[in-house]
Amino acid sequence: MKKIIELKNITKSFDGEQPVLDNIDLDIYDNEFLTLLGPSGCGKTTLLRLIGGFETPDSGDIIFLGDRINDVPPYKRNVNTVFQKYALFPHLNVFDNVAFPLREKKVPKEEIEAKVHEMLSLVALKGFEKRSVTRLSGGQQQRVAIARALVAHPQVLLLDEPLGALDLKLRKDMQVELKKIQKQTGITFIFVTHDQEEALSMSDTVVVMSEGKIHQIGTPVDIYNEPVNAFVADFIGESNILDGVMLEDYKVRFSGQTFQCLDKEFMKNEPVDVVVRPEDVDIVPVEKGQLIGVVTSVTFLGVHYEIIVDVNGFKWMIQTTDFVDVDERIGIVLEPDAIHIMKKSEYSNLYGDYSSFSNELDELSELEEEDEDE
Amino acid sequence: MTNKKTRSGGRVAKTSYYATLGPYSLWAMFFILVPLVFVAYYAFTDNNFNFTLEHIQRFFTATSQVIQEDGSSKEVYTYLVIFWRSLKLAVISTLICLVLAYPLAYIMARADAKTQKTFMTIIMIPMWMNFLIRTYAWMTILQDTGILNNFLTFFHLPGVHIIGTEAAVVIGMVYDYLPYMVLPLFSIMAKMDVKLIEAARDLGCNGFGVLRRVIWPLSLPGVINGVTMVLIPSVSTFYISQKLGDGKFFLIGDAIESQYVANNLHFAAAMAFILMVVLLVCMGIMQVLTNRHVEGGK
């Protein structure tokens, strides 16, 4: 595959503060759907703005198809952006908004008409040409913004949390549609989001970031199944993260028991972080369990129950379709492929225990995050 | 959009809404509407308050002799010449104000809050001083032996004769009315979404393209407000022209004043009325043109 953008040792800070981006290296390939994923303030939007040309790095190089473009202004880059709040021009109607970049390039009138209509049918907005953009719904504005950014056929499309302002149903639809548009046009998409589900469902490649650093680059499946550290494991999906010791290849000890696993090439008796996804835990009668615990809470989530189980003081999250009751004693069995071993990192012991877990708290902190993005 | 808001707001508490509106309606009635009616009434009546078009006619037909530079005299339409001159100087001053204020307002709108405050204060300070004093100050600056010419001679540069020319009058008007242009432009530019400028740059506009295709059209309502607020007082300006124009440039405001002082109330009213109609027509045309532009999306 052809490299379209290379970021080399990119560092960026604002007003001499703590760097927002700290020595970032990233290769972006032609025709891929790449997602920059991380909590707010992790530097993902800044990285996008560097590629778009709205910021310049303090050090490091941005290479576009072999050319260094650090100082090339945005209007000379073959890269377009879909902005977070769409940034449609309020004084222009739908047609004129989409035609904007073509008019700047002095494209002949007939060609403009043809291309704008093609784009509007791509985003399912045929018949809205004369409508004022201020009288469109959020989802429609979003589509206009995408059509406008695509009409001049950029080589790369940057999307800055474009679905953040949409409601859940619309967001799901747009995810599918964006993916479809990307396949149809063959343009490289660089998508920024803090929503891990969105990242997993749409991307070819996910880049997990926090505090200005890249933690892991990989396919959604790799990122989910083989997180490199406790931060990634916790940020992508739910995980139980336990302290363990690698006894020998394929043998790990945690929670006072020894388990078979699929990981090897650790030092003998090396302390490790053990990740177990909530859906990989099997619930069995007490006498058959490798571990035994007491259910402390049960939440019904439609497709499954989410239960919290206290095993010797460590609270596990388990997702199960079988109903168990609060205060019930249950057995737990972990198959070897349910266990993922990670090397210890600075993030060890920060995440992965559900002792203070509450759905409400989770939602509150999500709301706060959205506010910060404003 | 604004209309809708007030309307739906009014529906919630209609009675109290009208109750608060009451005093202002009365005020508008007695101090704006009634005087306007009187102006019109005086304009179309003679000293005995009988209907007449005599004063309106006089404005368009009165002639007088002016002595030209070569000594020969020429007959001209007295008031039409004055009116044309007023309009010309007002338009020139307004355009200069716009050219000066537009970049300033843009820079201010993009600056941080502290810089904005400083700029604002600097712009407002002259307005704290009495307008007569400001005009006299400009006289001392522009006179043939004034500050400007002293300054020029000090550096062995040729002096300039400004006082008593149209340029002096324009300088005075621009100085007086510039703040009225800066403020509406600033307020509209401060509200403008920076993301729109970024979007335009992203979509292929260089600096000039952004200005032409995004900033200018979006700032048009501010431009209209600013132009209105500068054009109207400068058309009807007086005193500045008497002092800085050395009495050589009678403007329509001066003409109205002198007729009023001479107790020709009916003719003064007729001139005021004509001026008002012309300005209303101008503003109306401008409004229609910009509405078409600003709401191009509809």
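Every chain is numbered from 1 and lettered A, B, ... according to where its sequence line falls, protein lines coming before strand lines.
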Turns out that what part of B:Asp202 lies under 4.5 Å from chain A's heavy atoms comes down to both
Closest non-hydrogen atoms of A:Ile51 and A:Arg77, given as atom of the first, atom of the second and distance, are O-NH1, 2.8 Å
Under 4.5 Å to a heavy atom of chain B? For A:Phe83 that would be side chain
Max heavy-atom pairs within cutoff under 4.5 Å with chain B, candidates A:Ala87, A:Ala145, A:Ala152, A:Pro154, goes to A:Ala87
Are B:Tyr18 and B:Ser25 linked by a side-chain donor-acceptor pair shorter than 3.5 Å? no
Electrostatic pair A:Glu111-A:Lys115, nearest N-O below 4.0 angstrom
yes
When the 4.5 angstrom heavy-atom criterion is applied to A:Arg148 and chain B, the contacting part is both
Max heavy-atom pairs within cutoff under 4.5 Å with chain A, candidates B:Val210, B:Val214, B:Asp193, B:Ile197, goes to B:Val214
Okay, A:Leu158 and chain B: the region with an atom under 4.5 Å from a heavy atom over there is neither
Interatomic distance, CG@A:Asn97 vs NE2@A:His91, rounded to 0.5 Å, equals 8.0 Å
Quiz item: Regarding A:Glu161 and A:Thr193, is there a side-chain donor-to-acceptor distance under 3.5 Å anywhere?
Solution: no
Q: Would you mind reporting whether A:Gln155 and A:Val79 have side-chain heavy atoms less than 4.5 Å apart?
A: no
Bottom line for A:Val82: the part with an atom under 4.5 Å from chain B's heavy atoms is neither
